[in-house]
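Worksheet for the structure shown next.
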Amino acid sequence: MADRHKSLSKPDVVVVGGGVVGLSTAWQLIKEGVEAVVVDPQPGAGASHAAAGMLAPIHEAYWGESHILGLNLAASQAWPVFAEQLGVDAVDYCRNGMLMAAYDVDDKALLDNLSDLHAQEGLPVERLRSRECRSREPLLAPGVRGGVYSPLDHHVNPRRVVAELLRRVPAVAIPAAEVSQNRVMLEDGQTMSCQQVVVAAGAWTGRLLGVPVRPVKGQILRLSGPEGLLRLPVRGVVRGSSVYAVPRSDGEIVVGATVEEQGFDTRVTAGGVYELLRAVLSLLPGLSEIDLVETWAGLRPGTPDNAPIIGTGADGIVYAAGHYRNGILTAPITAAAVAALVQGRRPPVDLSPFSPDRFAAAPTGRLPEAKPLSGVPG
């Protein structure tokens, strides 16, 4: 690549999108001696700011998505080194596992179905009875019907991850209006030329490039209580709906998340807050006495087949988008794969299932319909 010390007016690589995937990609390139700059009007302020930070390949495993599971497992293996480089304490990286709990009998049937998948895929999980669940996490309601504990599912604070990455990566806070393989036109009329453009624009990738990436709205809550009140991240199925509660080291607990097909709508609604509180307090009633300190809504980047788009497209642009609920988890492995592509190396994972051109192959020439969102009903 070109001399790393030349002006940022013509860097080696321009990464369009300043979420955790884009920032991680730029940082990986910089570590490898490639001059990279991020273009984003508000770096780190989108889905990465709203995310809970679950690094959960096991609890994000679903029937028919073995290729996504493989990517997520590779990402999980990459996280310890990634966190060490950023600073484990700085990003609040915790490796104490995760518990999924079923609220009633019907919820347990849904959980048992996922447990069968875990067994088929050879995933290391531990099935728990009600009392065993409450032994792991005493805040759980006495009536929970059972659960699954995964030692491989960890969590991190995405806002801290983004803050650490922004300290290491140069960014241009102007929206991109148009992109090609080696040029980015900014909304203010400036043009940035480079050797390679990488697009990691999250839910806005579809608007920028015309690929089928859509926004999937998620509302979340942040509670604040005593440190250590919640021992483990808990993901629950409550009356058929999914909810999670993820603790931070400072006593904050992130509760989420709704799944809404509402376009680019980031309003926090009374109904969304009510549904989250009803579900999480049914599962963890002890949270009712702590403070509600923040409500927020973010836009996950969804694709028709729920898989991310990673690779070089027919247009010559390198794509790193459509990570849906797993952007935080897959950031390190996506960054390593994109850095390899940019420099002509073989990526560390098989990217063929995630090709940017896979949607263009629809027999009728039309984009495929979006498949149902993965996971238990939400």
Side-chain angles (χ1 to χ4, degrees), residues 19-21 24-25 28 51 53-83 93 95 97-98 100 111 113-126 148-156 198 200 202 205 211-213 216 233 235 300-313 318-342 345-359 361 368 370-376:
V20 69
V21 171
S24 298
T25 297
Q28 182 66 37
M54 291 185 292
L55 310 175
I58 308 302
H59 283 150
E60 287 289 339
Y62 303 109
W63 294 103
E65 295 184 353
S66 293
H67 56 306
I68 301 176
L69 172 61
L71 180 71
N72 290 348
L73 288 170
S76 179
Q77 293 174 354
W79 252 99
V81 172
F82 187 69
Y93 176 54
R95 304 177 67 179
M98 187 173 296
M100 178 177 272
L111 201 57
N113 180 263
L114 288 179
S115 294
D116 292 340
L117 172 63
H118 299 155
Q120 177 177 299
E121 296 284 356
L123 301 174
V125 298
E126 183 180 349
V148 175
Y149 173 75
S150 167
L152 289 186
D153 287 345
H154 306 145
H155 61 289
V156 72
V198 175
T205 302
V211 292
V213 177
V216 182
R235 183 172 173 184
R300 313 172 185 91
T303 65
D305 58 6
N306 293 331
I309 304 174
I310 310 170
T312 306
V318 176
Y319 291 65
H323 291 79
Y324 186 37
R325 291 192 300 220
N326 292 310
I328 306 299
L329 168 62
T330 54
I333 200 68
T334 300
V338 170
L341 290 173
V342 167
R345 302 194 312 267
R346 184 175 182 174
V349 290
D350 177 16
L351 296 179
S352 58
F354 313 112
S355 167
D357 300 321
R358 69 187 187 271
F359 303 111
K371 67 182 282 191
L373 296 172
S374 300
V376 295

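The chain is numbered in sequence order, starting from 1.
Considering all non-hydrogen atoms of both residues, Ala200 and Thr205 come closest at C-OG1, 4.4 Å. The minimum heavy-atom distance linking Pro124 with Ile58 is given by the pair CD-CD1, 4.4 Å. Between Leu329 and Ala56, the shortest heavy-atom distance links the atoms CD2-N, 4.2 Å. Contact record, Tyr149 with Gly97: OH-CA, 3.6 Å, taken as the closest heavy-atom pair. The minimum heavy-atom distance linking Gln28 with Ala335 is given by the pair CG-O, 3.7 Å. Across Pro57 and Ser76, no two heavy atoms sit closer than the pair CG-CB, 3.7 Å.
Between the CG atom of Leu152 and the CD atom of Gln77 there is a distance of 8.5 Å, given to the nearest 0.5 Å. Within the model, atoms CG of Leu111 and CZ of Arg235 stand 10.0 Å from one another, a figure rounded to the nearest 0.5 Å. In this structure, the separation between CE on Met100 and CG on Leu114 is 6.0 Å, given to the nearest 0.5 Å. To the nearest 0.5 Å, atom CG of residue Leu71 and atom CZ of residue Phe354 are 4.5 Å apart. To the nearest 0.5 Å, atoms OG (Ser66) and CG (Leu117) are separated by 7.0 Å. Put simply, CD on Glu65 and CD on Glu121 are 11.0 Å apart, with the number rounded to the nearest 0.5 Å.
With a 4.5 Å cut-off on side-chain heavy atoms, Leu341 and Leu351 count as touching. Between Pro80 and Arg95, some side-chain heavy-atom pair lies under the 4.5 Å cut-off. Between Arg325 and Val216 the shortest side-chain heavy-atom distance does not fall below 4.5 Å. Between Val338 and Val21 there is no side-chain heavy-atom pair separated by less than 4.5 Å. Ile333 is listed as a side-chain neighbour of Pro348, based on a closest heavy-atom distance under 4.5 Å. Here the side chains of Asn306 and Tyr62 are not in contact, with every heavy-atom distance at 4.5 Å or above.
Under the 3.5 Å distance criterion, with hydrogens and angles disregarded, no donor-acceptor pair is assigned to the side chains of Asp116 and Trp63. Side chain to side chain, Asn72 and Glu60 fail the donor-acceptor criterion of an N or O pair below 3.5 Å.
A salt bridge links Asp305 to Arg358: at least one charged side-chain nitrogen sits closer than 4.0 Å to a carboxylate oxygen.
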Inset, instruction - Show your working on side chain to side chain contact (heavy atoms under 4.5 Å, CB included) between Leu73 and Leu123 and close with a plain yes or no. - result: CA-CA 10 Å; Leu73 288 170; Leu123 301 174; 4.2 Å; yes
Inset, instruction - List the steps, then state whether side chain to side chain contact (heavy atoms under 4.5 Å, CB included) holds for Ile310 with His323. - result: CA-CA 9 Å; Ile310 310 170; His323 291 79; 3.9 Å; yes
Legend entry - From CA spacing to verdict: side chain to side chain contact (heavy atoms under 4.5 Å, CB included), Met54, His59: CA-CA 9 Å; Met54 291 185 292; His59 283 150; over 6 Å; no
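Using the six-membered ring where Trp is involved, His154 and Tyr93 have ring planes that are perpendicular, over 60° apart on the 30 and 60° scheme.
Remark: side-chain polar atoms of Thr330 are not paired, donor with acceptor, to backbone N or O of Thr334 under 3.5 angstrom.
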